[in-house]
Amino acid sequence: MNLRSGRLKGQMKSEVADFTSSLEFDRRIFRADVLCNRAHTTMLTEQEIIPNDVGKKILKALDELEKEGIEALDLDSAVEDIHMAVENYVTSKIGPDAGFMHTAKSRNDQVTTDLKIALKEEIKEIEKELLLFIHIIIQMAEEHLDTIMVGYTHLQHAQPTTFAHHLLSYAHALKRDYGRLQDVYKRMDLCPLGSAALTTTSFPINRNRTAALLGFSGPMENSIDGVSSRDFIAETVFALTLLGTTLSKISEELIIWSSYEFQMVELGDEFSSTSSIMPQKKNPDVAEIIRAKTALLNGELVTILTIIKSLPQSYNRDLQEVTPHLWNATDTLSSALKITREMLASAEFKGARGEELARANFSAATELADLMVKDAGLPFRTAHKIVGRTVSTALDKGMKAEDIDAQFLDEISQEITGKTLQIDENIVKKALDPVEIIKSRKVIGGPAPDMVKDSIKDLKGFVDKNNSS
Ligand code: ARG
């Protein structure tokens, strides 16, 4: 069946047909298109809009197509898109009666319905993978509740924490990424089918029925909106872009932490490469590729937003050009997500090195200032000044953090406030000990092992609940 032969005289030049065809990326919606045609035909038959026997024949042909798969279709670019290819297949099986299938339906509502069906499945897969990732992080955190590391701000030593606490910061970021996908899914779960070209139809179609047959929670409420909107694609890609950002940050830290300067992490050999000239090298290439590939999502998001911006309402062919960027984004993200999970799981965290760094460079300074507030009744700003001066004096004298004692603090305090602090030596030593510092941070969200255990419990509940829903 040649769609053009009614209104148009000639065929497109093959170069133009190739340029305008969506067939290549329509492969992704082949299965959804069969489902969509089946639901629509079922409804048309039930509503007695098309003869029962014709409906049956169409459904039988669609069943055969589903069995034979996409290979059974003629995918020449002259066919324009997957919708025409499917219709042509049904025509080849049952003749002109296949034309009844397109009653009260347009490719405009069909394509957006197909995209939603396929994208919903894709989102469910990514959500599953995210839950597995969070589960793996929880397991790793459980092994490292007491493994000390130094936490950084500005990539400078800041305060002691544990690998478990740091790992859970990834888990919580991924949990929010999961929540964003859930929100997007909920909003997109309305069916555009029945919008037809843009103003529905005078046939007595049942949109609730097709929506239910296709697993949507209901029909979209406005038919012009039904064929116009691709915000569901933009916001999915936005959610994936932020998820990609989380992955890129994890990768970045693994790259930095596995350097000789840090030596806090060793990545599995199966996630590393070597150099063609420098035989000693173990390079974190996989993490670098993730860091780079996730940038593609930012680009796809901007491309999609730019295509849909300023389009007049209802269907414009520009919308077709959104689709390849969507699949590019989902494919890149899906592989980056799985590989980041496996790469992180391969990482060995170096507890001794973490502790060495946590003890090395005055990361106890905040606790020391807090101690002066608690034990000597000083305002925090005064304590901050005394400890700041303590550190700079210690550095000038070549002293280490562990060399600071009560007497040294008194000398500095005398210099700044004219008074000594008279804090017990043992308490000073305790305030300088990363183990004690971590233990004392028993605040919600803090690194004290008990708090981290609480957080793990909550996260486990989240994973279990969503795995079973
Ligand atoms: N291939 C088109 C797309 O992906 C769907 C067909 C709508 N075409 C049309 N000429 N109204 O958006």
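In each ligand, atom 1 is the first atom listed, and ligand 1 is the first ligand listed. Note: hydrogens, waters and symmetry copies are ignored here, and every other heavy atom, side chains too, is used. The structure presented is a predicted model; accordingly, all values stated were derived computationally and were not measured.
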- Item | Donor-acceptor pair, side chain of Asp74 and main chain of Asp76, under 3.5 angstrom | yes
- Tell me: protein heavy atom nearest atom 3 (C) of ligand 1, and distance? Tyr315 OH, 3.3 Å
- Lys105 versus Asn37, side-chain donor and acceptor atoms under 3.5 Å: yes
- Looking only at protein heavy atoms, what sits closest to atom 10 (N) of ligand 1 is Arg107 NH2, 3.6 Å
- Query: With a 3.5 Å cut-off and no angle check, do the side chains of Tyr170 and Glu253 form a donor-acceptor pair?
  - Reply: yes
- Could you check atom 11 (N) of ligand 1 against the protein and tell me its nearest heavy-atom contact, residue, atom and distance included? Asn108 OD1, 2.9 Å
- Message: Return the closest protein heavy atom for atom 6 (C) of ligand 1 as residue, atom name and distance.
- Response: Asp81 OD2, 3.3 Å
- Query: From Ser258 OG over to Glu266 CD, what is the distance, rounded to the nearest 0.5 angstrom?
  - Reply: 8.5 Å
- Side-chain H-bond candidate by donor/acceptor type, Gln320 with Arg317, under 3.5 Å: yes
- Message: Tell me whether Thr323 has any N or O atom under 3.5 angstrom from an N or O of ligand 1.
- Response: no
- Polar atom proximity, Gln320 to ligand 1 (N or O, under 3.5 Å): yes
- Numbered in order shown, the ligand 1 atoms found under 4.0 Å of a heavy atom of Ser22 are 1 (N)
- Query: Does the side chain of Gln159 come under 3.5 Å of the side chain of Thr366 through a donor N or O and an acceptor N or O?
  - Reply: yes
